Amino acid sequence: MNAANSVTSSALAPQTSSTRSIADALAHHSTHNLKRYYDHWARHYDADVEAEAYCGPAMVVDLLDAVAQQANVGHDSHVLDACCGTGLVGRTLHERGYRQISGCDLSAPMIDQAHASQAYQHLYSQIDLTQPLPRELLQRFDAVVCCGAFIPGHLPASALRGLLAMTRPGGVVVLSIREAYYDTAGFEPLLQALWREQGLSVLQTRMSARYLQNARAHYLALHVA
Ligand SMILES: C[S@@+](CC[C@H](N)C(=O)[O-])C[C@H]1O[C@@H](n2cnc3c(N)ncnc32)[C@H](O)[C@@H]1O
């Protein structure tokens with residue numbers, strides 16, 4: 001286990017529910033405020049989203065499993081969990097047998113929680129997917145998954161370019177996009193542009209599928225040419 005940047009003992013603090021929620025997180029309009037929100041939410045996040053019946057992580061890993069053979073991804077493949085948060089996706093990947101899991105996120109306290117899960121080999125803190133990415137992460141991963149971050153106030157559709165840039169040629173990107181956000185944030189024209197520019201293709205989708213008790217999401221598996 002090699003966690004980059006800060007990993008503190010706060011990860012071991014007991015988790016109880018708080019008054020924060022994904023619905024409240026949508027209201028942030030700057031990366032600075034959003035980071036602060038998650039920094040303070042980290043210790044209570046898992047309990048709070050469980051209370052919202054959040055099933056995005058299981059849905060994303062289900063879709064990765066469904067396309068794994070087609071995308072030549074196996075349990076020894078290098079998988080990056082982008083916007084890993086506290087590690088719900090990493091833990092699910094680990095339970096399903098994946099063993100080379102890395103994670104990155106904007107919030108160091110969220111990364112601390114992911115570190116405590118022991119699901120990840122490498123963790124990268126304070127990575128902002130709306131900014132240029134560190135060279136060491138480029139074209140490095142066989143699969144990049146991103147769950148729960150393409151939602152209002154979080155990642156713009158253009159951040160998909162960063163996910164693709166971290167994927168090796170021939171690899172796969174699996175992501176969730178909150179349903180209402182998909183329609184308003186310009187995903188359709190972006191996917192068409194990426195198909196023309198880079199030969200990006202859609203392997204499989206789960207449209208308008210389960211996500212939270214009060215919201216649905218689209219799940220896409222994309223093949224990087
Ligand atoms: C709703 S949580 C989802 C966490 C985890 N993937 C899950 O499904 O439980 C959104 C995560 O995105 C991260 N995030 C938000 N904006 C980001 C950005 N610009 N770059 C990287 N991470 C970001 C937050 O820190 C937070 O951990």
Side-chain angles (χ1 to χ4, degrees), residues 4-6 11 15 18 20-64 79-95 101-117 119-120 123-134 137 143-163 165-166 173-178 181 185 209-215 217 219:
N5 298 328
S6 70
Q15 299 200 352
S18 74
R20 289 185 168 85
S21 69
I22 289 177
D24 285 347
L26 303 185
H28 292 276
H29 297 294
S30 80
T31 305
H32 176 74
N33 287 343
L34 188 64
K35 181 178 175 301
R36 278 176 46 133
Y37 188 85
Y38 281 103
D39 287 353
H40 289 104
W41 195 13
R43 282 169 42 206
H44 303 295
Y45 175 90
D46 288 2
D48 288 345
V49 299
E50 189 181 349
E52 291 188 80
Y54 180 49
C55 63
M59 297 291 285
V60 161
V61 180
D62 282 352
L63 185 51
L64 177 64
V79 182
L80 175 70
D81 177 11
C83 300
C84 66
T86 58
L88 293 179
V89 174
R91 274 177 260 167
T92 308
L93 286 166
H94 197 264
E95 284 163 15
I101 309 167
S102 298
C104 66
D105 199 275
L106 188 61
S107 161
M110 294 291 272
I111 286 276
D112 292 344
Q113 299 295 324
H115 177 70
S117 75
Y120 298 86
L123 284 163
Y124 303 90
S125 174
Q126 300 180 57
I127 301 292
D128 182 349
L129 286 180
T130 67
Q131 299 298 319
L133 295 164
L137 298 183
V144 173
V145 296
C146 185
C147 184
F150 286 99
I151 61 179
H154 289 56
L155 296 182
S158 59
L160 176 56
R161 290 183 182 275
L163 303 186
M166 293 188 286
V173 171
V174 177
L175 71 158
S176 73
I177 305 166
R178 206 171 161 117
Y181 192 55
R210 288 184 305 125
Y211 183 61
L212 283 168
Q213 63 190 2
N214 294 325
Y219 299 87

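Just so it is clear, the model here is predicted, and its values are computed rather than measured. Start at 1 and go down the list; that is how both ligands and their atoms are numbered. Hydrogens, waters and symmetry mates are skipped; everything else that's a heavy atom, side chains included, is used.
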query = Is any side-chain heavy atom of Val173 closer than 4.5 Å to a side-chain heavy atom of Cys146?
reply = no
Pair Tyr54 and Tyr211, ring centroids less than 6.0 Å apart = yes
query = Would you say the side chains of Asp128 and Thr130 form a donor-acceptor pair under 3.5 Å?
reply = yes
Gln113 and Tyr45, any side-chain heavy atoms less than 4.5 Å apart = no
query = How about Tyr120 and Asp81: do any of their side-chain heavy atoms sit closer than 4.5 Å?
reply = yes
message = Are His154 and Tyr38 an aromatic pair, judged by ring center distance below 6.0 Å?
response = yes
Please produce the table of protein N or O atoms sitting under 3.5 Å from N or O atoms belonging to ligand 1, one pair a line, distance to 0.1 Å.
residue: ligand 1; atom: 6 (N); partner: Cys83; partner atom: O; Å: 2.7
residue: ligand 1; atom: 6 (N); partner: Cys147; partner atom: O; Å: 2.8
residue: ligand 1; atom: 8 (O); partner: Tyr54; partner atom: OH; Å: 2.6
residue: ligand 1; atom: 8 (O); partner: Cys147; partner atom: O; Å: 3.4
residue: ligand 1; atom: 9 (O); partner: Tyr45; partner atom: OH; Å: 2.7
residue: ligand 1; atom: 19 (N); partner: Asp128; partner atom: OD1; Å: 2.8
residue: ligand 1; atom: 20 (N); partner: Ile127; partner atom: O; Å: 3.4
residue: ligand 1; atom: 20 (N); partner: Leu129; partner atom: N; Å: 2.9
residue: ligand 1; atom: 22 (N); partner: Leu106; partner atom: N; Å: 3.4
residue: ligand 1; atom: 25 (O); partner: Asp105; partner atom: OD1; Å: 2.6
residue: ligand 1; atom: 27 (O); partner: Asp105; partner atom: OD1; Å: 3.3
residue: ligand 1; atom: 27 (O); partner: Asp105; partner atom: OD2; Å: 2.8

